[in-house]
Amino acid sequence: MNWMADNSKHASEAPAAGCSAIRSEFSAYLDGALTGVEMAALSAHFATCSQCASDFKAWRAIQQCLSNLGPAQMPSALHMRLRQTIAAE
């Protein structure tokens, strides 16, 4: 990925260099959709970029809060209508 190559320039450039590409991978990282090499590259970036590390921490906290909610429950009226529609077929 291009952001992996861009990350090596981060320390010598302005703080935002490469960060938008890194941030675009937050969701994939949290979903476990990145390779080990890609995850290591993001972790290395977090070690040198406090803003991305802080933003990622917030993403992780939001994901945890959402997972604590559990699956959404179907409204009972919709459930009843679906059962009636299926029974009518």
Side-chain angles (χ1 to χ4, degrees):
M1 301 199 136
N2 290 339
W3 57 265
M4 288 175 48
D6 292 343
N7 188 41
S8 64
K9 298 184 228 173
H10 182 71
S12 62
E13 292 182 1
C19 291
S20 67
I22 293 292
R23 288 184 180 123
S24 72
E25 298 296 332
F26 283 3
S27 183
Y29 186 104
L30 292 169
D31 291 343
L34 298 181
T35 67
V37 171
E38 292 167 336
M39 291 176 81
L42 260 69
S43 293
H45 179 82
F46 298 153
T48 63
C49 180
S50 61
Q51 186 61 54
C52 283
S54 176
D55 291 349
F56 181 75
K57 184 177 177 181
W59 270 67
R60 188 179 302 221
I62 291 167
Q63 182 192 46
Q64 184 63 46
C65 287
L66 291 173
S67 70
N68 289 341
L69 292 174
Q73 299 297 316
M74 182 185 320
S76 59
L78 175 59
H79 187 284
M80 183 58 72
R81 284 195 319 239
L82 285 173
R83 290 182 63 122
Q84 290 170 345
T85 301
I86 292 170
E89 290 182 358

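On a predicted model such as this, the values are computed, not experimentally measured, just so you know.
- To the nearest 0.5 Å, the span separating OG on S20 from CD on E25 amounts to 11.0 Å.
- The CZ atom of R81 sits 9.0 Å away from atom CD of Q84, with the distance rounded to the nearest 0.5 Å.
- The backbone N or O of S50 sits nowhere less than 3.5 Å from a side-chain atom of S54 that would complete a donor-acceptor pair.
- Considering CZ of R83 and CG of L78, their distance stands at 12.5 Å, rounded to 0.5 Å.
- Residues satisfying the side-chain contact (heavy atoms from CB on, under 4.5 Å) criterion with L66, sequence neighbours excluded, are I62, L69.
- Annotation: ring pair (Phe, Tyr, Trp, His ring centres under 6.0 Å) contacts of F26 (sequence neighbours excluded): F46, F56, W59.
- Residue pairs satisfying the side-chain hydrogen bond (donor to acceptor under 3.5 Å, both in side chains) criterion with at least one member in residues 64-73, sequence neighbours excluded, are listed as follows: Q64-N68.
- Residues S27 and Q63 form no side-chain contact, since every pair of their non-hydrogen atoms from C-beta on lies 4.5 Å or further apart.
- Minimum heavy-atom separation, L42 to Y29: CD2-CD1, 3.6 Å.
- Here R23 contributes atom CZ and C49 contributes atom SG; the two are 6.5 Å apart, rounded to the nearest 0.5 Å.
- Taking CE from M80 and CE from M74, the interatomic distance works out to 11.5 Å, rounded to the nearest 0.5 Å.
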